[in-house]
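Whatever order the structure lists ligands and atoms in, that order sets their numbers, starting from 1. Any value given below was found using the heavy atoms of this structure, including those in side chains, with hydrogens, waters and symmetry copies removed. This chain uses plain numbering: 1 for the first residue, then up along the sequence.
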Amino acid sequence: MLSKFEKRAEEILSKMSLKEKIGQLNQLETPVAQNLEQVKEKVRQGLVGSILMCVGATAGNDEQGAIDVNFYNELQRIAVEESPSGIPMIFGRDVIHGHRTVFPIPLAMTASFNTDLIEKSYECIAREAANESVHWTFTPMLDMCRDPRWGRIIEGTGEDPFVGAKVAEAIVKGLQGDDVSKSDRMLSCAKHYIGYGASEGGRDYHRAEISDYSLHNNYLPAFRSAIKAGAKTVMSSFNDINGQPVTSSKYYLTDILRGQLGFDGFVVSDFNAVIQLMRQGVAKTVADCCLLALNAGLDMDMQDNCYIDNLEELVKNGSIDIKVVDEAVKRILKVKLYKGLFENPYCNHIEMDRTKHLEAAYEMASESMVLLKNDNGVLPLKKDAKIALAGPFTYEQRSLLGSWTIDGKAEETEHFYSALKNASKGEIWATSFGGLNWDSTGKAMDWADVIVLALGESWSATGESRAVSDISISENQKDLIRKAKATGKKVVGVFFCGRPIAMQGIAENLDAVIYAWHSGSMTAKAACDILYGDVVPSGKMPVTVPRLATHIPLYYNVTSSGRPVNCYYGENPGACYVDSIPTPYYPFGYGLSYTEFEYENPKAIKEELSLNDLKAGESFKISVCVKNTGNYDGKETVQLYIHDPVASMMRPLRELKAFEKTEILKGEAKNIEFSLGFDDLGYYLSNGEYVVEKGEIEVYIGSNCLAEKMIVLKIS
Ligand code: BGC
């Protein structure tokens with residue numbers, strides 16, 4: 001698609017000096033008061049292709065300044081009117097899950113299994129950020145992750161490559177729309193390519209070991225999908241894979257990304273990652289870092305001034321071929337042309353109605369929350385119930401927004417107590433931490449009809465460089481739960497978390513569990529509306545909830561083993577560890593509703609198709625009838641998994657291949673139809689070749705990954 005800009009990019013390139021060309025490959029750190037004049041001068045000389053509108057790595061965890069639109073317009077004016085070739089700059093910022101209006105963290109949005117809503121959310125996000133000079137956001141984050149100790153799991157889509165691919169497509173489309181050059185759209189950046197989510201032990205920035213078989217089947221699908229949906233920039237990841245830093249890997253950045261995935265945009269490094277090649281032990285000098293990264297296919301250097309300080313000399317002394325520089329510059333120019341920056345370099349005011357964005361954030365938050373437990377229908381609560389509310393998240397505001405919130409404001413975020421008070425028609429007694437003031441808390445609990453505990457983890461325990469070794473809540477929260485349970489009253493836990501927590505010893509002491517996540521600006525209202533049944537919960541876990549942190553990694557799409565010790569599906573669980581049973585506490589795809597759904601009458605129009613039919617575009621048409629047999633209208637995510645029991649390579653015991661979220665009114669029965677074709681029934685070999693093999697395919701359909709086997713298909 002970028003090829004239509006080739007000619008114009010070449011014309012621009014032909015008039016540029018070497019210095020200016022290198023300038024295009026340079027992304028400058030955020031201008032701050034101390035260096036404003038220097039920055040302007042660099043822009044004037046054509047030494048800056050892009051500006052990173054964030055201060056410091058781990059921007060999501062550091063306090064950031066607000067954007068001054070006039071300042072960025074003035075910088076752009078200098079680039080366009082005073083620099084030698086007048087090439088506009090591209091401004092990038094980490095707008096990860098919201099701008100001023102904050103939507104749920106991406107892991108929570110994924111839990112909605114509602115890709116239309118995710119797309120709509122990112123449309124609002126793009127509008128708000130584009131209105132403040134941001135052309136380009138470093139999202140979606142597509143690092144498949146099977147280790148919730150990793151703080152960055154909250155930025156991604158969880159443990160499943162298929163869901164990852166669907167969400168990737170929704171985010172890219174939401175941000176870019178049909179025409180990214182419109183002023184209310186932003187360029188997306190698929191990151192972190194590749195394998196960052198496999199950091200050993202969940203420790204941030206650590207090494208990863210990933211076989212090519214796993215790379216193609218687990219880690220690449222989301223990137224393949226983002227690229228297909230129109231992502232024209234990719235950020236390389238900090239980590240190494242099998243001893244090769246991605247930053248300097250021609251294999252990953254060129255052979256696979258461009259050669260196999262067909263990516264035609266540009267690659268930006270992660271923050272300071274080029275010079276980090278020295279620490280990673282593959283380069284001795286900064287110049288070596290440049291040589292390695294640029295030759296590998298890394299086009300834009302984020303923030304570390306490595307290219308701008310070294311490339312000129314490297315070209316002049318013949319170490320680097322000018323053609324490599326030209327190619328990188330052309331890729332960047334083409335993306336700038338694609339974004340329409342040459343026609344429309346400045347930020348103009350965009351008309352928008354922020355209340356609509358808040359409504360969208362509320363809808364997204366409501367669909368993201370997951371009801372994990374509801375014994376004896378304790379929920380929904382009656383509006384006039386007398387509630388004793390305790391726990392550290394009662395008055396918490398900042399954490400509800402989640403990590404990577406640069407422009408959202410904690411003080412504008414309603415806390416849980418306030419939302420509960422607004423929604424309730426009964427009396428509420430509240431304290432931010434019951435354990436510290438047990439006398440009055442205990443009395444209030446005795447007085448109340450029901451105890452609600454606002455629990456969770458701080459936003460600052462999640463995100464970049466925020467790994468934890470124990471995915472749990474604090475000991476005093478566990479103590480509070482035990483004390484509440486001891487009162488003999490019904491106890492409801494509302495969890496404001498970024499990652500799944502190990503539930504053993506926690507959920508047993510609660511009658512109901514709502515997983516409310518860090519769901520952004522509208523977290524508190526959405527959680528309360530679920531509590532009272534104004535919203536019927538419909539989220540599903542996009543990650544397995546383990547019993548204990550020591551059971552990690554624990555993920556649903558595991559392969560079988562020769563000896564029967566695969567406990568996920570209940571096969572000989574006692575044989576895994578002698579001291580504990582590592583079955584999931586809540587499996588992937590799990591989530592309850594206030595109503596009940598029954599699955600019946602699964603059918604495939606044809607149960608056998610030949611490989612040639614499939615190659616020619618035929619597909620298996622499968623349907624199942626889902627009945628709402630409960631007392632509420634509700635939304636169900638119908639999930640279809642497959643298993644290939646005999647293949648040339650071992651295949652996962654379950655692989656999600658389709659899902660549909662649909663509203664089913666009480667008493668209604670809906671026929672849900674799926675289609676499985678050539679692209680759904682195969683897998684990738686280690687060399688990246690996609691194969692569909694003859695034989696049987698088992699199909700499981702249900703409301704989570706422990707679904708029943710319903711149909712067996714045959715490929716002849
Ligand atoms: C993070 C990226 C982010 C970049 C710019 C890095 O530290 O890994 O995800 O986009 O900083 O803020």
*Enumerate the atoms of ligand 1 whose separation from the nearest heavy atom of Phe271 is less than 4.0 angstrom.*
6 (C), 7 (O), 11 (O)
*Say whether Asp94, considering both its backbone and side-chain N or O atoms, lies within less than 3.5 Å of an N or O atom on ligand 1.*
yes
*Start with the C-alpha distance between Leu25 and Val329, add both sets of side-chain angles, then the distance that settles side chain to side chain contact (heavy atoms under 4.5 Å, CB included), and finish with yes or no.*
CA-CA 6 Å; Leu25 312 186; Val329 177; 3.8 Å; yes
*Ignoring hydrogens and geometry, is there a side-chain-to-backbone donor-acceptor pair from Ser249 to Tyr252 under 3.5 Å?*
yes
*asked:* Looking only at distances, can you tell me whether any N or O atom of Asp270, backbone or side chain, sits closer than 3.5 Å to an N or O atom of ligand 1?
replied: yes
_How close do Gly49 and Lys336 get, counting heavy atoms only, and between which atoms?_
O-NZ, 2.8 Å
*Which ligand 1 atoms are under 4.0 Å away from a heavy-atom of Phe138?*
10 (O)
*Return yes when Glu155 approaches ligand 1 closer than 4.0 angstrom through a heavy atom, no otherwise.*
no
*May I ask you to check whether Glu159 and Thr544 show a side-chain donor-acceptor distance below 3.5 Å?*
yes
*asked:* Looking at Gln27 and Met300, would you say the former's side chain and the latter's main chain have a donor-acceptor pair under 3.5 Å?
replied: no
_Met53, portion touching ligand 1 at heavy-atom distance under 4.0 Å_ = neither
*Assert yes or no for the condition that the ring centre distance of Phe91 to His135 is strictly below 6.0 Å.*
yes
_For Arg152, the ligand 1 atoms whose distance to one of its heavy atoms is below 4.0 Å_ = 1 (C), 2 (C), 8 (O), 9 (O)
*Glu464 neighbourhood, listing ligand 1 atoms whose heavy-atom distance to it stays under 4.0 Å*: 1 (C), 6 (C), 7 (O), 8 (O)
*Cationic N near anionic O, under 4.0 Å, Glu412 to Arg100*: yes
_Proximal ligand 1 atoms for Phe238, defined as those under 4.0 Å from one of its heavy atoms_ = 7 (O), 8 (O)
*May I ask you to identify, for Met141, whether its side chain, its backbone, both or neither come under 4.0 Å of ligand 1 on a heavy-atom basis?*
neither
_Polar atom proximity, Lys191 to ligand 1 (N or O, under 3.5 Å)_ = yes
*Determine whether any heavy atom of Arg93 lies closer than 4.0 Å to an atom of ligand 1.*
no
_Asp147 with Arg149: basic N within carboxylate O range, under 4.0 Å_ = yes
